[in-house]
Protein chains: 2
Amino acid sequence: MKTKDRIVAAALQLFNERGEANVTTNHIAAHLGISPGNLYYHFRNKNDIIHCIFLQYTDHLRKSFTPVSGQESASPAVWFHYLDAIYYVMWEFRFFYANLNDILQRDPALHQQYLAVQQELAVNLQALLRELNNQQVLAIPDEEIEPLTEVLRMLVSFWVSYQLAQSLTPRISQSVLYQGVARVLLLLKPYFHLEKGRELATLMAHYQAMGSTSSDPFHK
Amino acid sequence: MKTKDRIVAAALQLFNERGEANVTTNHIAAHLGISPGNLYYHFRNKNDIIHCIFLQYTDHLRKSFTPVSGQESASPAVWFHYLDAIYYVMWEFRFFYANLNDILQRDPALHQQYLAVQQELAVNLQALLRELNNQQVLAIPDEEIEPLTEVLRMLVSFWVSYQLAQSLTPRISQSVLYQGVARVLLLLKPYFHLEKGRELATLMAHYQAMGSTSSDPFHK
DNA sequence: GTCTATATTGGGATAGAC
DNA sequence: GTCTATCCCAATATAGAC
């Protein structure tokens, strides 16, 4: 593994574990057993490192949230896929969600790219909900689809921050992220067709179980 | 007005206008035409100033969100009262919401007080929704009240942050905060009894109008 | 590519005079 | 209470040898 990649990997790990604001370039270098100067040979500055991580992030989002064909969208297996993807991205890039505004504010170029990805996600999510309406899974009034998807994106984007604010310990657990996923389902629940109650109950039960704190000590 | 109070007022204003992270103690002093040393005569440090602002914040919350008697809760006028109070606190202390995690993380004592107030709010909000259930206004399944109130608090607490992330300009407008209030109603809408459709529509229309950008240029 | 040593910066905070 | 002057510190970033 090239030094440049090792730096990115170490940065992601340390950012996630200790918070981006608490990890300096010196920490990253020390963690890898290289000098600060060496790190600056590979990256212009800290933002440059974050930008590399961000590329992985958007890659992931684009792969995980590509729309599926109409038929498929009605399958609970696909719902699991999407919801798991939400969990995964929240966990894998939690440092980013934990400091979203700081990071975006200090790097306008990154902010612009962020907005572009968010726009794609918004479009895809709205299309998905419309498709689920068509497939008789959901019954969301048309004019509510846009604001509802916005609330859902907002919920996912700031669930990590919310959880950090709710606890004195700066570490977030996997289980609280599953609780976030369960909240997504909660907000959609009133719109599910009654015939889908069974499938919905299965999903809710799953993510609630994953979100119960007792599952956490195992560090699954 | 005593210097100490002037400092707090100036800090709140500058924090709201430029973002807490971008306002140094020197800026505050310069804005008031006093010396940095003078500022430090009145406050141990910057956190100390924020703490004073936070006391105003909690004062406000406690006054605005005290529970009302069961009967009253069914009155649309009371709903307006609560929703306007949400708007007001988001606007008046938007710097705090914009930087919640940074501020809490660097001051554990403040964080503890924050958690205490949040706990009060959670209890009051749950009680309010239960009362609205009783008054035949809402029909929220009992087990959903707690998670739903959590999502609502989360929505309000991070709406400002969300809006900042959604725009390249670091200023937030009053209208986007009204949009946030409208989202609160949106999430509750599925649970409203049908007979209350009229009142609900009035509320939604009001906050949507306030949230429309065309109302903003007037800086109401 | 990697190192050591160091320059730079800027905000937080204090000392001591007035 | 208020001022001026200054210290302190930590993180970012660079210079130049190896």
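Every heavy atom of this structure was used, including side-chain atoms; hydrogens, water molecules and symmetry mates were not. In what follows, chains carry the letters A, B, and so on, assigned in the order in which the sequence lines appear, proteins first and then strands, with residues in each chain numbered from 1.
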Side-chain polar contacts of residues 4-13 of chain B - donor-acceptor pairs under 3.5 angstrom, sequence neighbours left out - could you list them?
unit_1, atom_1, unit_2, atom_2, d
B/Q13, NE2, B/E17, OE2, 3.2

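- When rounded to the nearest whole Å, the span between CD1 of A/I34 and P of C/dT4 equals 11 Å.
- Note on B/N38: a side-chain N or O is less than 4.0 Å away from OP1 or OP2 of D/dC3.
- We find that CG of A/L39 is positioned 12 Å from P of D/dT14, with the value rounded to whole Å.
- Scanning for side chain to side chain contact (heavy atoms under 4.5 Å, CB included) contacts around B/A85 gives B/S64, B/F65, with sequence neighbours left out.
- When the salt bridge (Lys or Arg N to Asp or Glu O under 4.0 Å) test is applied to A/R130, no partner is found at least two apart in sequence or on another chain.
- Not counting sequence neighbours, the partners of B/K63 by the salt bridge (Lys or Arg N to Asp or Glu O under 4.0 Å) test are B/D59.
- Judged as a salt bridge (Lys or Arg N to Asp or Glu O under 4.0 Å), and not counting sequence neighbours, the contacts of B/E20 are B/K46, B/R106.
- In terms of the side chain to side chain donor-acceptor pair (under 3.5 Å) criterion, B/N45 has no residue partners (sequence neighbours excluded).
- Relative ring orientation between B/H111 and B/Y114 is described as perpendicular, the plane-to-plane angle rising above 60° on a 0-90° scale split at 30° and 60°.
- For the pair A/Y41 OH and C/dT4 P, the computed distance is 17 Å after rounding to whole Å.
- Heavy-atom distances under 4.0 Å link DNA chain C to no residue of residues 6-17 of chain A.
- Atom CZ in A/F43 sits roughly 20 Å away from atom P in D/dA11 (whole-Å rounding).
- For A/Y57, the ring pair (Phe, Tyr, Trp, His ring centres under 6.0 Å) test picks out A/F54, A/F93, A/F96, A/Y97, with sequence neighbours left out.
- As rounded to whole Å, 16 Å separates atom C1' of D/dT14 from atom NE2 of A/H42.
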Contact string for nucleotides 6-18 of chain C, one letter per nucleotide 5' to 3', B = base within protein heavy-atom range under 4.0 Å, S = sugar-phosphate only, - = neither, reads -----SSBB----

